[in-house]
Amino acid sequence: MDFDLTDEQSLLKDSVTRWAASRYGSLEQVEAARRKPLGFDEGAWAQLAELGLLGLPFAEEDGGFGGGPVETLIAVEALGRHLAPEPYLASVVLGGGALRLAGSAAQREALIPGIAEGSHRLALAHGERQARYDRFDVATTARRDGGGWRLDGAKCVVLNADAAQTLVVSARTAGGRRDADGISLFLVPADAPGLTLKPYPTQDGGRAADLVLEGVALPADALLGEADAGLPVIERVLDEGIAALSAEAVGVMEALHALTVDYLKTRKQFGTAIGGFQALQHRAVDMFVALEQARSMALYATMMAGSADAAERGPAVSAAKVQVNRAARFVGQEAVQLHGGIGMTLEYLGAHLFRRLTTIEYLFGDTPHHLRRVSDAGGLLGAA
(Lines give C-alpha, C1' and ligand atoms only; values in the text may rest on other atoms or scores of the structure.)
Protein backbone atom coordinates (compact mmCIF):
# COMPACT_ATOMS: atom_id res chain seq x y z
CA MET A 1 0.00 0.00 0.00
CA ASP A 2 1.07 3.58 -0.63
CA PHE A 3 1.70 5.37 2.65
CA ASP A 4 3.19 8.48 1.07
CA LEU A 5 1.48 11.75 2.01
CA THR A 6 -0.21 13.86 -0.63
CA ASP A 7 1.10 17.36 -1.29
CA GLU A 8 -1.70 18.84 0.84
CA GLN A 9 -0.97 16.43 3.69
CA SER A 10 2.74 17.24 3.52
CA LEU A 11 1.96 20.96 3.77
CA LEU A 12 -0.30 20.25 6.76
CA LYS A 13 2.46 18.26 8.47
CA ASP A 14 5.02 21.00 7.87
CA SER A 15 2.78 23.78 9.16
CA VAL A 16 1.69 21.93 12.32
CA THR A 17 5.24 20.81 13.06
CA ARG A 18 6.60 24.35 12.67
CA TRP A 19 3.87 25.77 14.88
CA ALA A 20 4.32 23.18 17.65
CA ALA A 21 8.12 23.53 17.60
CA SER A 22 7.97 27.32 17.90
CA ARG A 23 5.18 27.39 20.48
CA TYR A 24 6.39 24.49 22.64
CA GLY A 25 10.06 24.17 21.84
CA SER A 26 11.00 23.89 25.51
CA LEU A 27 9.61 22.42 28.72
CA GLU A 28 9.33 25.93 30.14
CA GLN A 29 6.90 26.89 27.37
CA VAL A 30 4.79 23.79 27.98
CA GLU A 31 4.70 24.38 31.72
CA ALA A 32 3.77 28.04 31.27
CA ALA A 33 0.74 27.02 29.19
CA ARG A 34 -0.28 24.35 31.70
CA ARG A 35 -0.34 26.95 34.48
CA LYS A 36 -3.09 28.88 32.71
CA PRO A 37 -6.56 28.63 34.36
CA LEU A 38 -7.83 26.08 31.83
CA GLY A 39 -4.54 24.19 31.53
CA PHE A 40 -3.65 25.65 28.14
CA ASP A 41 -3.16 29.00 26.45
CA GLU A 42 -6.30 30.24 24.70
CA GLY A 43 -4.10 32.31 22.43
CA ALA A 44 -2.53 29.08 21.18
CA TRP A 45 -6.01 27.63 20.67
CA ALA A 46 -6.87 30.61 18.47
CA GLN A 47 -3.70 29.99 16.47
CA LEU A 48 -4.74 26.36 15.91
CA ALA A 49 -8.01 27.71 14.54
CA GLU A 50 -6.12 30.02 12.19
CA LEU A 51 -4.12 27.03 10.94
CA GLY A 52 -7.39 25.25 10.17
CA LEU A 53 -6.78 22.40 12.61
CA LEU A 54 -9.93 22.87 14.67
CA GLY A 55 -12.16 22.48 11.63
CA LEU A 56 -10.02 19.78 10.07
CA PRO A 57 -12.27 16.67 10.39
CA PHE A 58 -15.59 18.38 9.66
CA ALA A 59 -17.25 18.48 6.25
CA GLU A 60 -16.81 21.62 4.19
CA GLU A 61 -20.58 22.13 3.94
CA ASP A 62 -20.69 22.24 7.76
CA GLY A 63 -17.98 24.88 8.00
CA GLY A 64 -14.99 22.56 8.28
CA PHE A 65 -12.12 21.60 6.00
CA GLY A 66 -13.11 18.09 4.95
CA GLY A 67 -10.13 16.24 6.39
CA GLY A 68 -10.09 12.57 7.31
CA PRO A 69 -8.39 10.23 9.77
CA VAL A 70 -4.96 10.64 8.12
CA GLU A 71 -5.10 14.42 8.53
CA THR A 72 -6.04 13.94 12.19
CA LEU A 73 -3.08 11.56 12.62
CA ILE A 74 -0.73 14.16 11.16
CA ALA A 75 -2.02 16.86 13.50
CA VAL A 76 -2.04 14.91 16.77
CA GLU A 77 1.34 13.27 16.12
CA ALA A 78 2.96 16.69 15.73
CA LEU A 79 1.15 18.07 18.77
CA GLY A 80 2.15 15.02 20.81
CA ARG A 81 5.80 15.33 19.84
CA HIS A 82 5.91 18.70 21.61
CA LEU A 83 3.46 17.92 24.47
CA ALA A 84 1.08 20.65 23.29
CA PRO A 85 -1.54 20.90 26.08
CA GLU A 86 -4.45 22.15 23.98
CA PRO A 87 -7.64 19.99 24.24
CA TYR A 88 -7.57 18.88 20.61
CA LEU A 89 -8.38 15.26 21.44
CA ALA A 90 -11.20 16.16 23.83
CA SER A 91 -12.88 18.87 21.76
CA VAL A 92 -12.24 18.09 18.10
CA VAL A 93 -11.77 14.31 18.02
CA LEU A 94 -14.12 13.10 20.80
CA GLY A 95 -16.79 15.74 21.32
CA GLY A 96 -16.54 16.93 17.74
CA GLY A 97 -16.60 13.35 16.49
CA ALA A 98 -19.94 12.67 18.20
CA LEU A 99 -21.38 15.85 16.71
CA ARG A 100 -20.01 15.04 13.25
CA LEU A 101 -21.38 11.48 13.26
CA ALA A 102 -24.75 11.95 14.97
CA GLY A 103 -25.64 15.63 14.86
CA SER A 104 -28.59 16.89 12.88
CA ALA A 105 -28.08 19.52 10.19
CA ALA A 106 -29.33 22.18 12.61
CA GLN A 107 -26.99 21.04 15.39
CA ARG A 108 -23.98 20.93 13.08
CA GLU A 109 -24.83 24.34 11.68
CA ALA A 110 -25.14 25.79 15.19
CA LEU A 111 -21.89 24.39 16.61
CA ILE A 112 -19.30 23.45 13.99
CA PRO A 113 -18.49 27.00 12.76
CA GLY A 114 -17.76 28.01 16.36
CA ILE A 115 -15.57 24.95 16.88
CA ALA A 116 -13.64 25.66 13.69
CA GLU A 117 -12.99 29.30 14.62
CA GLY A 118 -11.98 28.39 18.18
CA SER A 119 -14.82 30.12 20.04
CA HIS A 120 -16.64 26.93 21.08
CA ARG A 121 -15.27 23.75 22.63
CA LEU A 122 -16.83 20.36 23.30
CA ALA A 123 -16.07 17.49 25.66
CA LEU A 124 -17.34 13.91 25.66
CA ALA A 125 -18.80 12.80 29.01
CA HIS A 126 -19.35 9.07 28.76
CA GLY A 127 -17.23 7.14 31.29
CA GLU A 128 -18.68 6.25 34.68
CA ARG A 129 -17.00 5.04 37.84
CA GLN A 130 -18.57 1.58 37.89
CA ALA A 131 -18.11 0.95 34.16
CA ARG A 132 -14.32 0.78 34.00
CA TYR A 133 -13.77 0.32 30.24
CA ASP A 134 -17.18 -1.19 29.33
CA ARG A 135 -18.72 1.24 26.88
CA PHE A 136 -22.25 -0.10 27.34
CA ASP A 137 -22.30 0.31 31.15
CA VAL A 138 -24.29 3.54 31.63
CA ALA A 139 -26.18 4.31 34.85
CA THR A 140 -26.87 7.99 34.14
CA THR A 141 -30.54 8.30 33.16
CA ALA A 142 -32.52 10.59 30.90
CA ARG A 143 -36.30 10.61 31.13
CA ARG A 144 -38.82 12.55 29.12
CA ASP A 145 -40.09 15.60 30.94
CA GLY A 146 -42.89 17.41 29.14
CA GLY A 147 -41.50 18.33 25.76
CA GLY A 148 -37.89 17.81 26.79
CA TRP A 149 -35.56 15.66 28.90
CA ARG A 150 -34.30 15.49 32.47
CA LEU A 151 -30.86 13.98 33.21
CA ASP A 152 -29.60 12.50 36.48
CA GLY A 153 -26.34 10.71 37.21
CA ALA A 154 -22.57 11.15 37.26
CA LYS A 155 -19.61 10.96 34.87
CA CYS A 156 -15.92 10.67 35.71
CA VAL A 157 -12.59 11.63 34.12
CA VAL A 158 -14.13 13.81 31.45
CA LEU A 159 -11.13 15.19 29.56
CA ASN A 160 -10.93 19.01 29.54
CA ALA A 161 -14.54 19.36 30.68
CA ASP A 162 -13.80 22.65 32.44
CA ALA A 163 -12.72 24.19 29.12
CA ALA A 164 -15.87 23.16 27.22
CA GLN A 165 -18.95 25.24 26.54
CA THR A 166 -20.97 22.16 25.56
CA LEU A 167 -20.76 18.61 26.89
CA VAL A 168 -21.81 15.53 24.91
CA VAL A 169 -23.33 13.37 27.65
CA SER A 170 -24.45 9.75 27.35
CA ALA A 171 -27.50 8.69 29.34
CA ARG A 172 -29.78 5.68 29.50
CA THR A 173 -33.23 6.25 28.04
CA ALA A 174 -34.31 2.59 28.08
CA GLY A 175 -33.23 -0.83 29.35
CA GLY A 176 -30.95 -1.93 32.18
CA ARG A 177 -27.62 -0.45 33.22
CA ARG A 178 -25.51 -2.82 31.12
CA ASP A 179 -27.76 -3.18 28.08
CA ALA A 180 -26.30 -2.29 24.70
CA ASP A 181 -29.57 -0.74 23.55
CA GLY A 182 -31.22 2.19 25.25
CA ILE A 183 -28.28 4.64 25.41
CA SER A 184 -28.73 8.15 24.00
CA LEU A 185 -26.49 11.19 23.58
CA PHE A 186 -27.35 14.74 24.62
CA LEU A 187 -25.84 18.18 24.10
CA VAL A 188 -25.63 19.75 27.56
CA PRO A 189 -24.55 23.38 28.08
CA ALA A 190 -21.69 23.56 30.58
CA ASP A 191 -23.61 26.17 32.58
CA ALA A 192 -26.87 24.20 32.72
CA PRO A 193 -28.63 24.37 36.12
CA GLY A 194 -28.14 21.13 38.03
CA LEU A 195 -24.77 20.34 36.39
CA THR A 196 -21.75 20.40 38.70
CA LEU A 197 -18.15 20.06 37.52
CA LYS A 198 -15.28 19.07 39.78
CA PRO A 199 -12.12 19.75 37.73
CA TYR A 200 -8.65 18.51 38.65
CA PRO A 201 -5.17 18.07 37.12
CA THR A 202 -4.28 14.67 35.71
CA GLN A 203 -1.06 12.76 36.29
CA ASP A 204 0.42 13.86 32.97
CA GLY A 205 -0.20 17.57 33.51
CA GLY A 206 -3.51 17.68 31.65
CA ARG A 207 -7.02 18.45 32.89
CA ALA A 208 -10.15 16.39 33.58
CA ALA A 209 -13.32 16.70 35.64
CA ASP A 210 -16.00 14.63 37.34
CA LEU A 211 -19.59 15.59 36.57
CA VAL A 212 -22.74 15.36 38.65
CA LEU A 213 -26.12 15.83 36.95
CA GLU A 214 -29.09 16.50 39.21
CA GLY A 215 -32.32 17.09 37.35
CA VAL A 216 -30.64 18.79 34.39
CA ALA A 217 -33.49 19.96 32.17
CA LEU A 218 -32.91 19.96 28.40
CA PRO A 219 -35.10 20.82 25.41
CA ALA A 220 -36.15 18.15 22.94
CA ASP A 221 -33.56 19.25 20.38
CA ALA A 222 -30.71 18.53 22.83
CA LEU A 223 -30.93 14.88 21.77
CA LEU A 224 -27.93 14.05 19.57
CA GLY A 225 -28.81 11.40 17.01
CA GLU A 226 -31.54 8.82 17.53
CA ALA A 227 -32.96 7.99 20.96
CA ASP A 228 -31.81 4.62 22.37
CA ALA A 229 -29.22 4.20 19.58
CA GLY A 230 -26.21 6.06 20.92
CA LEU A 231 -23.86 3.14 21.60
CA PRO A 232 -22.72 2.62 17.97
CA VAL A 233 -21.85 6.33 17.81
CA ILE A 234 -19.97 6.14 21.11
CA GLU A 235 -18.03 3.09 19.97
CA ARG A 236 -16.99 4.70 16.71
CA VAL A 237 -16.01 7.96 18.41
CA LEU A 238 -13.90 6.12 20.99
CA ASP A 239 -12.27 4.00 18.27
CA GLU A 240 -11.41 7.17 16.39
CA GLY A 241 -10.09 8.54 19.68
CA ILE A 242 -7.85 5.50 20.12
CA ALA A 243 -6.49 5.95 16.59
CA ALA A 244 -5.70 9.60 17.35
CA LEU A 245 -4.23 8.69 20.72
CA SER A 246 -2.01 6.08 19.05
CA ALA A 247 -0.70 8.71 16.67
CA GLU A 248 -0.04 11.06 19.59
CA ALA A 249 1.85 8.28 21.38
CA VAL A 250 4.06 7.85 18.32
CA GLY A 251 4.91 11.54 18.44
CA VAL A 252 5.71 11.36 22.16
CA MET A 253 7.85 8.23 21.73
CA GLU A 254 9.70 9.79 18.82
CA ALA A 255 10.57 12.82 20.96
CA LEU A 256 11.62 10.64 23.90
CA HIS A 257 13.79 8.41 21.73
CA ALA A 258 15.52 11.42 20.16
CA LEU A 259 16.09 12.92 23.61
CA THR A 260 17.58 9.64 24.86
CA VAL A 261 19.91 9.22 21.88
CA ASP A 262 21.11 12.79 22.31
CA TYR A 263 21.78 12.12 25.99
CA LEU A 264 23.78 8.99 25.14
CA LYS A 265 25.91 11.07 22.80
CA THR A 266 26.70 13.75 25.37
CA ARG A 267 26.79 11.98 28.76
CA LYS A 268 30.34 10.87 29.51
CA GLN A 269 31.54 8.03 31.72
CA PHE A 270 35.10 6.77 32.02
CA GLY A 271 36.16 9.63 29.76
CA THR A 272 33.95 8.71 26.83
CA ALA A 273 30.35 9.24 25.75
CA ILE A 274 28.18 6.38 27.01
CA GLY A 275 26.66 6.13 23.54
CA GLY A 276 29.89 4.46 22.49
CA PHE A 277 29.09 1.39 24.60
CA GLN A 278 27.59 -1.29 22.40
CA ALA A 279 25.17 -2.56 25.04
CA LEU A 280 23.55 0.88 25.28
CA GLN A 281 23.48 1.22 21.50
CA HIS A 282 21.51 -2.05 21.33
CA ARG A 283 18.97 -0.74 23.84
CA ALA A 284 18.53 2.48 21.87
CA VAL A 285 17.95 0.40 18.74
CA ASP A 286 15.37 -1.71 20.57
CA MET A 287 13.57 1.53 21.49
CA PHE A 288 13.59 2.55 17.83
CA VAL A 289 12.19 -0.82 16.72
CA ALA A 290 9.35 -0.53 19.24
CA LEU A 291 8.65 3.01 18.03
CA GLU A 292 8.45 1.93 14.40
CA GLN A 293 6.17 -1.00 15.24
CA ALA A 294 3.88 1.40 17.07
CA ARG A 295 3.97 3.77 14.09
CA SER A 296 2.84 0.97 11.78
CA MET A 297 -0.02 0.02 14.08
CA ALA A 298 -1.06 3.66 14.49
CA LEU A 299 -1.33 3.86 10.70
CA TYR A 300 -3.36 0.66 10.73
CA ALA A 301 -5.71 2.05 13.38
CA THR A 302 -6.07 5.25 11.35
CA MET A 303 -7.00 3.29 8.23
CA MET A 304 -9.60 1.26 10.12
CA ALA A 305 -11.05 3.98 12.36
CA GLY A 306 -13.23 5.41 9.61
CA SER A 307 -14.98 2.10 8.94
CA ALA A 308 -18.68 2.01 9.76
CA ASP A 309 -18.43 -1.77 10.33
CA ALA A 310 -17.88 -2.15 14.08
CA ALA A 311 -17.02 -5.85 13.75
CA GLU A 312 -14.18 -4.97 11.39
CA ARG A 313 -13.08 -1.72 13.05
CA GLY A 314 -13.14 -2.69 16.72
CA PRO A 315 -10.64 -5.59 16.80
CA ALA A 316 -8.26 -3.73 14.47
CA VAL A 317 -8.22 -0.64 16.66
CA SER A 318 -7.81 -2.76 19.80
CA ALA A 319 -4.89 -4.65 18.25
CA ALA A 320 -3.24 -1.31 17.52
CA LYS A 321 -3.86 -0.09 21.07
CA VAL A 322 -2.21 -3.24 22.48
CA GLN A 323 0.92 -2.70 20.41
CA VAL A 324 1.05 1.03 21.15
CA ASN A 325 0.57 0.39 24.88
CA ARG A 326 3.41 -2.12 24.95
CA ALA A 327 5.69 0.15 22.95
CA ALA A 328 4.86 3.16 25.12
CA ARG A 329 5.75 1.29 28.30
CA PHE A 330 8.94 -0.16 26.82
CA VAL A 331 10.20 3.10 25.31
CA GLY A 332 9.38 5.06 28.45
CA GLN A 333 11.03 2.62 30.84
CA GLU A 334 14.11 2.22 28.66
CA ALA A 335 14.48 5.99 28.43
CA VAL A 336 14.46 6.27 32.21
CA GLN A 337 16.97 3.43 32.54
CA LEU A 338 19.35 4.95 30.00
CA HIS A 339 19.09 8.42 31.54
CA GLY A 340 19.49 7.31 35.13
CA GLY A 341 18.05 9.44 37.91
CA ILE A 342 17.59 12.54 35.75
CA GLY A 343 15.00 10.65 33.73
CA MET A 344 12.51 10.84 36.61
CA THR A 345 12.96 14.48 37.62
CA LEU A 346 10.16 16.91 36.79
CA GLU A 347 12.70 19.51 35.74
CA TYR A 348 13.61 17.30 32.77
CA LEU A 349 11.52 17.00 29.59
CA GLY A 350 11.98 13.22 29.43
CA ALA A 351 10.01 12.70 32.64
CA HIS A 352 7.03 14.60 31.23
CA LEU A 353 7.12 12.60 28.00
CA PHE A 354 7.19 9.40 30.07
CA ARG A 355 4.23 10.56 32.18
CA ARG A 356 2.20 11.26 29.04
CA LEU A 357 2.97 7.79 27.67
CA THR A 358 1.91 6.24 30.97
CA THR A 359 -1.41 8.06 30.82
CA ILE A 360 -1.97 7.10 27.19
CA GLU A 361 -1.48 3.44 28.11
CA TYR A 362 -4.63 3.54 30.26
CA LEU A 363 -6.84 5.95 28.32
CA PHE A 364 -9.79 4.24 26.59
CA GLY A 365 -8.71 0.80 27.78
CA ASP A 366 -5.55 -0.83 29.08
CA THR A 367 -3.72 -3.72 27.42
CA PRO A 368 -5.67 -6.62 29.04
CA HIS A 369 -8.97 -4.95 28.10
CA HIS A 370 -8.05 -4.65 24.44
CA LEU A 371 -6.58 -8.13 24.34
CA ARG A 372 -9.96 -9.41 25.52
CA ARG A 373 -11.69 -7.32 22.89
CA VAL A 374 -9.58 -8.88 20.14
CA SER A 375 -10.03 -12.37 21.60
CA ASP A 376 -13.81 -11.97 21.89
CA ALA A 377 -13.91 -11.00 18.21
CA GLY A 378 -12.09 -14.22 17.28
CA GLY A 379 -8.70 -12.61 16.64
CA LEU A 380 -5.41 -13.78 18.07
CA LEU A 381 -2.50 -11.80 19.45
CA GLY A 382 0.67 -13.46 20.58
CA ALA A 383 1.64 -12.97 24.20
CA ALA A 384 4.37 -10.44 24.80
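Treat the numbers as computed from the prediction; the structure is a model and nothing was measured.
- Criterion: ILVMFWY side-chain heavy atoms under 4.5 Å apart, direct or through other members. Under it, Leu56 and Met303 are part of a common hydrophobic cluster.
- Side-chain atoms of Glu334 never come within 3.5 Å of backbone atoms of Phe330 as a donor-acceptor pair (strictly under, hydrogens ignored).
- Here the side chain of Thr266 pairs a donor or acceptor atom with the backbone of Asp262 at under 3.5 angstrom.
- Summarising the geometry of His339 relative to Leu259, their closest heavy-atom pair is NE2-O, 4.0 Å, with the distance given to 0.1 Å.
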Checklist entry - Run the side chain to side chain contact (heavy atoms under 4.5 Å, CB included) check on Arg355 and Leu346 step by step: do they pass? => result CA-CA 10 Å; Arg355 282 153 65 101; Leu346 294 184; 3.5 Å; yes
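- Between the side chain of Ser375 and the backbone N or O of Leu371 there is no donor-acceptor pair closer than 3.5 Å.
- Here the straight-line distance linking atom CG of Leu124 with atom OG of Ser170 works out to 7.0 Å at 0.5 Å rounding.
- Between Arg329 and Asp366 there is no salt bridge, since none of the side-chain N atoms of the basic residue sits less than 4.0 Å from a carboxylate O of the acidic one.
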Item to check | Full working for side chain to side chain contact (heavy atoms under 4.5 Å, CB included) between Phe186 and Val216 | outcome: CA-CA 11 Å; Phe186 296 88; Val216 176; over 6 Å; no
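- The pair Arg356-Glu248 meets the salt-bridge criterion, since a charged nitrogen lies less than 4.0 angstrom from a carboxylate oxygen.
- A donor-acceptor contact closer than 3.5 angstrom is absent between the side chains of Thr196 and Glu214.
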Checklist entry - So Gln278 and His282, side chain to side chain contact (heavy atoms under 4.5 Å, CB included) or not? Walk me through it. => result CA-CA 6 Å; Gln278 193 174 58; His282 289 172; 3.4 Å; yes
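- Considering CD of Gln337 and CG of Leu280, their distance stands at 11.0 Å, rounded to 0.5 Å.
- At least one donor-acceptor pair under 3.5 Å links the side chain of Glu71 to the backbone N or O of Gly68.
- Asp204 and Thr202 share a side-chain donor-acceptor pair at under 3.5 Å.
- Between the CG atom of Asp162 and the CG atom of Leu211 there is a distance of 10.0 Å, given to the nearest 0.5 Å.
- For the pair Arg295 and Glu254, the salt-bridge criterion is met [side-chain N within less than 4.0 Å of a carboxylate O].
- Linking Ile, Leu, Val, Met, Phe, Trp and Tyr residues whenever their side-chain heavy atoms come within less than 4.5 Å leaves Val336 and Leu357 in two separate clusters.
- Put simply, CZ on Arg313 and CD on Glu240 are 7.5 Å apart, with the number rounded to the nearest 0.5 Å.
- Proximity of a side-chain donor or acceptor of Arg236 to a complementary backbone N or O of Gly306 within less than 3.5 Å is detected.
- For the side-chain contact (heavy atoms from CB on, under 4.5 Å) criterion with Glu77, the lone passing option out of Val250, Val16, Thr302 is Val250.
- Put simply, the side chain of Asp179 never gets that close to the backbone of Asp181: no donor and acceptor are under 3.5 Å apart.
- The minimum heavy-atom distance between Asp152 and Gly215, with the atom names listed, is OD1-N, 2.7 Å.
- Residues Ile115 and Leu53 fall within the same hydrophobic cluster, defined by Ile, Leu, Val, Met, Phe, Trp and Tyr side chains chained together at heavy-atom separations under 4.5 Å.
- Using a 4.5 Å cut-off between side-chain heavy atoms of Ile, Leu, Val, Met, Phe, Trp and Tyr, with links allowed through other members, Leu94 and Leu224 fall into the same hydrophobic cluster.
- Salt bridge annotation for Glu86-Arg121: absent, with no cationic side-chain nitrogen under 4.0 angstrom from a carboxylate oxygen.
- Interatomic distance, CG of Leu111 versus CZ of Phe58, reported as 9.5 Å (0.5 Å rounding).
- Residues Val157 and Tyr200 meet the side-chain proximity criterion, which asks for heavy atoms closer than 4.5 Å.
- Between His369 and Tyr133, the ring planes lie tilted relative to each other; the angle falls in the 30° to 60° range.
- Rounded to the nearest 0.5 Å, atoms CD (Glu361) and OG1 (Thr367) are 5.0 Å apart.
- Put simply, the residue from Lys155, Arg177, Arg178 that forms a side-chain contact (heavy atoms from CB on, under 4.5 Å) with Val138 is Lys155.
- Although no hydrogens or angles enter the test, the distance criterion places no donor-acceptor pair under 3.5 Å between the side chain of Ser91 and the main chain of Tyr88.
- Without hydrogens or angle criteria, Lys321 side chain to Ile242 main chain gives no donor-acceptor distance under 3.5 Å.
- In this model, a donor atom of one side chain and an acceptor atom of the other lie less than 3.5 Å apart for Thr173 and Asp228.
- No continuous path of hydrophobic side-chain contacts links Leu223 to Val233 [ILVMFWY only; heavy atoms under 4.5 Å].
- Of all non-hydrogen atoms in Gly63 and Ala116, the two that sit nearest each other are O-CB, 3.7 Å.
- The closest donor-acceptor contact from the side chain of Glu312 to the backbone of Met304 lies at 3.5 Å or more, if one exists at all.
- Judged purely by atom type and a 3.5 angstrom limit, His257 uses its side chain to pair as donor or acceptor with the backbone of Ala284.
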